[in-house]
Amino acid sequence: MTNALIVIDVQNDFCPGGALAVAGGNEIIPRINAMMADFDATILTQDWHPAGHSSFASSHTGSDPYTLIDMPYGAQVLWPDHCIQGTNGAAFHADLNVDIADMIIRKGFNPAIDSYSAFFENDRKTPTGLEGYLHNRNITTLTMVGLATDFCVQYSALDAATLGFDVTVLEGACRAIDMDGSLASARTVMHGAGVKLEP
Ligand code: VGL
Ligand code: ZN
């Protein structure tokens, strides 16, 4: 067994003061840093949108953030502008130990498709390349931490489980957006998919 720590989207825009701030988002960083040495590999993901991305409410006249829109690939939540490529909001939080990471995977760069998951874009079929990377390194066991539990962590964990990885989400090292019951739903769905939820 080769294991990896997958650190999802610990970026300024998802931390307090950021454009899509997740409550307590920065609190998880010391624990994540301390865990990195316990894994064979550490992989960071980075939400990385071009300006004018289709997941931004500002790209859809008359639409407010945190509402739903129909996209060709299904329902999509509209977000405030966030994690725009090259901006400080898209940078990793300064406290995160990025130096130890083996791999940084960027996602959400396709202007027309969002990508919550580290494995597939929101059309559920366009791969990011992470699956191949993990297989090539014989990594079979994943521990996921980061932001946000009910969006990018959930989607990444579900795809990983579907792909056959052994997946654990450390909920105490994650924080949630929690809109309209999304956290409770995420926990139920992840549990049902065989993702281990641990504190
Ligand atoms: C995320 C909403 C939009 C996340 C990314 O990292 O959970 N959520 N983009
Ligand atoms: Zn995003």
Side-chain angles (χ1 to χ4, degrees), residues 5-29 32 43-60 63-69 71 73-93 96 98 104-124 126 128 130 142 144-160 167 169-171 173-187 189-190 195 197:
L5 180 66
I6 313 281
V7 182
I8 307 283
D9 298 0
V10 180
Q11 294 166 258
N12 290 326
D13 270 343
F14 297 122
C15 290
L20 210 176
V22 180
N26 57 321
E27 296 168 3
I28 62 178
I29 297 172
I32 293 173
I43 291 137
L44 311 180
T45 74
Q46 196 169 22
D47 210 40
W48 195 249
H49 300 306
H53 191 258
S54 57
S55 74
F56 298 167
S58 64
S59 304
H60 304 269
S63 294
D64 290 324
Y66 306 104
T67 60
L68 279 170
I69 192 171
M71 299 285 267
Y73 55 82
Q76 168 72 46
V77 180
L78 293 177
W79 302 107
D81 290 21
H82 66 278
C83 296
I84 295 174
Q85 297 169 357
T87 63
N88 183 57
F92 290 111
H93 189 288
L96 184 70
V98 298
I104 296 174
I105 186 130
R106 288 173 166 168
K107 60 186 180 60
F109 48 74
N110 181 340
I113 313 182
D114 205 359
S115 188
Y116 294 149
S117 167
F119 292 93
F120 297 100
E121 297 187 352
N122 283 9
D123 61 2
R124 319 305 300 141
T126 306
T128 62
L130 181 58
L142 306 179
M144 297 201 177
V145 297
L147 306 170
T149 322
D150 40 350
F151 287 90
C152 291
V153 175
Q154 174 190 203
Y155 278 69
S156 299
L158 292 176
D159 282 345
V167 192
V169 170
L170 296 182
E171 296 186 277
C174 299
R175 290 291 182 275
I177 295 173
D178 200 13
M179 50 185 281
D180 303 325
S182 56
L183 176 57
S185 155
R187 297 188 75 235
V189 173
M190 287 193 285
V195 173
L197 301 176

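Scope of the values below: all heavy atoms of this structure, side chains included, with no hydrogens, waters or symmetry mates. Read the numbers this way: they start at 1 and go in the same order the structure lists the ligands and their atoms.
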I would like to know whether Leu20 and Tyr66 meet side chain to side chain contact (heavy atoms under 4.5 Å, CB included); could you show each step before the answer? CA-CA 10 Å; Leu20 210 176; Tyr66 306 104; 3.9 Å; yes
Provide the number and element of each atom of ligand 1 under 4.0 Å from a heavy atom of His82. 3 (C), 9 (N)
Among His53, Arg106, Gln85, Lys107, side-chain hydrogen bond (donor to acceptor under 3.5 Å, both in side chains) partner for Asp47: Lys107
Quick test of your reading of the structure: of Ala176, Cys152, Ser156, Pro80, whose heavy atom lies closest to atom 1 (C) of ligand 1? Cys152
Just which atoms of ligand 1 are under 4.0 Å from any heavy atom in Ala148? 4 (C), 6 (O), 7 (O)
Rounded to the nearest 0.5 Å, the CZ atom of Arg175 sits from the CD1 atom of Ile177 at a distance of 13.5 Å
Tell me whether Cys83 has at least one N, O or S atom under 2.8 Å from the Zn ion (ligand 2). no
Angle subtended at the Zn ion (ligand 2) by NE2 of His82 and OD2 of Asp47, nearest 10°: 100°
Does only the side chain of Asp114 get under 4.0 Å from ligand 1, or the backbone, or both, or neither? Count heavy atoms. neither
Please could you name the atoms of ligand 1 that Leu147 approaches to less than 4.0 Å, counting only its heavy atoms? 4 (C), 6 (O), 7 (O)
Near Phe14 (heavy-atom distance under 4.0 Å), the atoms of ligand 1 are 1 (C), 4 (C), 5 (C), 6 (O), 9 (N)
What residue among Trp79, Phe109, Phe56, Tyr116 forms ring pair (Phe, Tyr, Trp, His ring centres under 6.0 Å) with His49? Phe56
Looking only at N/O atoms, are Ile177 and ligand 1 under 3.5 Å apart anywhere? no
Which distance, rounded to the nearest 0.5 Å, do you find between the OG of Ser63 and the CG of Leu78? 5.5 Å
Which protein heavy atom lies closest to atom 6 (O) of ligand 1, and at what distance to 0.1 Å? Asp9 OD2, 2.6 Å
Examine distances only and state if a side-chain atom of Gln76 and a backbone atom of Ile69 form a donor-acceptor pair shorter than 3.5 Å. no
Is there a heavy atom in Gln11 that sits closer than 4.0 Å to ligand 1? no
Taking Ser185 for its side chain and Gly181 for its backbone only, find out whether a donor-acceptor pair lies under 3.5 Å. no
